[in-house]
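Whatever order the structure lists ligands and atoms in, that order sets their numbers, starting from 1.
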Amino acid sequence: MAQPFDVCIRGAGIVGRSLALLLAQHRLRVGLVQAPRLSLSPAMSSSEPPDLHDNRAYALNAASRQLLQGLRCWPEGTAVTPVTAMRVRGDEGGEVNFAASVATPQPTTALAWIVEVAELESCLANAIRFQPQIEVIDAPQPAGLTVVCEGRFSSTRDELGVDFDVASYGQHAIAARFACEHPHQGQALQWFSQGEVMAFLPLQGPGGNSVALVWSVSESRAQTLMALSAKDFAAAAQTASACALGTLSVVGERAKWPLQHGQAQAWSGKTAAGQAWVLAGDAAHTVHPLGGQGLNLGLADVAELANTLGTRDYWRSVSDPRLLRSYERARRAGLAPVGAVMDGLQRLFAQPDTMVKNMRNAGMQGFEHSGPLKAWVARQAMGLN
Ligand SMILES: Cc1cc2nc3c(=O)[nH]c(=O)nc-3n(C[C@H](O)[C@H](O)[C@H](O)COP(=O)(O)OP(=O)(O)OC[C@H]3O[C@@H](n4cnc5c(N)ncnc54)[C@H](O)[C@@H]3O)c2cc1C
């Protein structure tokens, strides 16, 4: 009997939903396995209870924006804020600045776009509702190919016996929202200090007065910061940001995520029963959020896999190992430079040694004036290389 689906996608996060929509555009029949609401939580370490509140906003690059626009799922209005400039500060006077107008050979409107997560998820869910090629299901079903998009704690990846090489940073990222005294003017701000990384991502459009905070700190400091009153927490962030946006006040809840660098040893294969599978998104790889690249990498997986399957020779099935290996090769190559830079930066700025501290800040100054190197890094982060 014919299988009901060409592709069964396990996990309806942003990666799983985007992939389902893109494969449907290629006329493939897709089963999308949606987990019960409880597991839609921020990923917490196994010893901690899940926290169901997701208050993040993602920095998405030009490649991700193009993909989501192609799906008609790019949120509108103030749910998207273009980042026209970015200022990064080191801990001993180092400073790097990026501006959209000079980052690439052609002027660009934005370095990145800060997108409200809830808004993006709802655009994708609505599009899926109107796509007859996709059926949302509550349990996996047989298909030509299974794509695992279950995020970093994927149980299917474990069932497949795939090892996930993980290095914990011993850090948590605290996410929160602030209303600010001064408008952000489309500027993203980031500070590296004593192993901590703090970022303010602009929200609510170019004239907005609020930012999304991502503050990566040691586990013990995360506990202390989370225990502070909203007023004291805002004061701590205000001090750490040298009052860059004036007085801050917390809006809504705070949440925290454990941070790790991880990569699956295999991204594609077949089960003993001959069922073909691939991994995509956080199920395949996780990076430190300091560069805002995790989902951008996941959406690059989506684009590559959909293109590989959608443009295959008519006589090849979606389970053809040659196709799946070519997807794996291409995406490992795409991940390598981004993963190495995120990991390297985190480790470099975690070194307390004074000599290293001076060198890294001098390095930032050198990089600031490096011309082509700086332009290349900016293009890489923007998904344009
Ligand atoms: C603090 C922080 C800030 C970040 N900021 C950025 C940023 O600015 N830009 C950026 O690009 N990235 C950012 N990231 C990374 C980004 O969050 C992830 O890369 C992205 O969410 C991965 O999407 P995903 O769909 O692969 O996985 P997930 O978002 O984890 O989704 C997986 C889905 O699968 C479901 N699921 C799990 N198990 C099962 C199962 N057994 N069966 C069925 N379904 C299952 C889950 O419920 C969930 O819906 C950040 C990460 C953190 C921690």
Side-chain angles (χ1 to χ4, degrees), residues 8-20 31-44 50-52 54-61 63-65 67-68 81 83 112-117 120-121 124-125 136-141 146-160 169 171-176 188 190 197-203 212-217 222 254-262 264 279-302 335 338-339 342 381-383:
C8 179
I9 298 174
R10 297 195 187 187
I14 295 172
V15 168
R17 287 180 190 175
S18 306
L19 180 64
L32 177 62
V33 186
Q34 184 154 354
R37 183 67 199 155
L38 186 65
S39 53
L40 282 166
S41 61
M44 307 297 284
D51 174 346
L52 287 173
D54 191 342
N55 57 353
R56 288 173 295 177
Y58 289 145
L60 296 185
N61 65 22
S64 298
R65 178 175 180 248
L67 185 147
L68 292 164
T81 304
V83 178
W113 290 263
I114 308 302
V115 179
E116 296 284 356
V117 173
L120 176 56
E121 284 176 345
L124 289 164
V136 178
I137 51 184
D138 54 15
Q141 290 203 21
T146 292
V147 187
V148 182
C149 302
E150 294 174 352
R152 61 167 129 176
F153 294 124
S154 168
S155 57
T156 301
R157 186 186 60 214
D158 294 344
E159 282 161 24
L160 291 168
Y169 289 114
Q171 283 192 327
H172 276 73
I174 299 180
Q190 191 169 42
V197 190
M198 185 165 86
F200 286 179
L201 306 178
L203 296 175
L213 166 83
V214 183
W215 198 354
S216 306
V217 297
R254 281 163 269 170
K256 66 181 170 84
W257 279 259
L259 299 182
Q260 60 175 46
H261 183 88
L279 307 182
D282 274 20
H285 46 74
T286 53
V287 295
H288 196 286
L290 67 87
Q293 289 298 320
L295 181 59
N296 288 307
L297 288 165
L299 291 175
D301 297 349
V302 166
L335 169 71
V338 181
M342 296 307 113
M382 290 161 78

Atoms of ligand 1 less than 4.0 Å from G294 heavy atoms?
10 (C), 11 (O), 12 (N), 15 (C), 19 (O)
In ligand 1, the atoms that come under 4.0 Å of a heavy atom of G13 are 25 (O), 31 (O), 33 (C), 49 (O)
Just to check, does T156 reach to within less than 4.0 Å of ligand 1 when the distance is taken from its heavy atoms?
no
Quick look: A173 vs ligand 1, heavy-atom contacts under 4.0 Å, and the answer is side chain
With a 3.5 Å cut-off and no angle check, do the side chains of N61 and S64 form a donor-acceptor pair?
yes
Nearest to atom 26 (O) of ligand 1 by heavy atom, I174, D138, L259, D282: which?
D282
Contacts of type side-chain hydrogen bond (donor to acceptor under 3.5 Å, both in side chains), residue W215, not counting sequence neighbours:
E196
So, does Q293 use its side chain to make a donor-acceptor pair with the main chain of V287 at under 3.5 Å?
no
Checking D282 side chain against E150 main chain: does a donor-acceptor pair fall under 3.5 Å?
no
Region of S154 engaging ligand 1 - heavy atom pairs below 4.0 Å
neither
Find all atoms of ligand 1 within a distance of less than 4.0 Å from any non-hydrogen atom belonging to I14, and give their numbers and elements.
25 (O)
Go through ligand 1 atom by atom and flag the ones less than 4.0 Å from a non-hydrogen atom of G151.
27 (O), 30 (O), 32 (C)
Using 0.5 Å steps for rounding, measure from the CZ atom of R17 to the CG atom of L120.
9.0 Å
To which of Y58, W257, F153 does the heavy atom nearest atom 21 (O) of ligand 1 belong?
Y58
I want to know if ligand 1 touches L60 in the polar sense, i.e. an N/O pair below 3.5 angstrom.
no
Contact atoms of ligand 1, heavy-atom distance to N296 under 4.0 Å
11 (O)
Looking just at side-chain N and O atoms, do Q260 and H288 make a donor-acceptor pair shorter than 3.5 Å?
no
Is C149 near ligand 1, meaning one of its heavy atoms is under 4.0 Å from it?
yes
Which residues satisfy the side-chain hydrogen bond (donor to acceptor under 3.5 Å, both in side chains) test with R10, sequence neighbours excluded?
T156
Numbered atoms and elements of ligand 1 in range of G281, under 4.0 angstrom, heavy atoms
26 (O)
Let me confirm one number: the OG-CG distance from S18 to L124, rounded to the nearest 0.5 Å.
4.5 Å
Contact between S155 and ligand 1, counting heavy atoms under 4.0 Å?
yes
What atoms in ligand 1 come closer than 4.0 Å to a heavy atom of P289?
2 (C), 3 (C), 4 (C)
Pairwise distance CD1(I14) to OH(Y58) - rounded to 0.5 angstrom:
5.0 Å
Residues C149 and L19: closest non-hydrogen pair is SG-CD2, 4.4 Å
For atom 3 (C) of ligand 1, state which one of R157, Q260, R56, H285 supplies the nearest heavy atom.
R56
Smallest separation among heavy atoms of H285 and G298, with atom names:
CE1-N, 4.0 Å
Those atoms of ligand 1 less than 4.0 Å from some heavy atom in V15
23 (O), 24 (P), 25 (O), 26 (O)
Within the 4.0 Å heavy-atom cut-off, what A59 brings close to ligand 1 is both
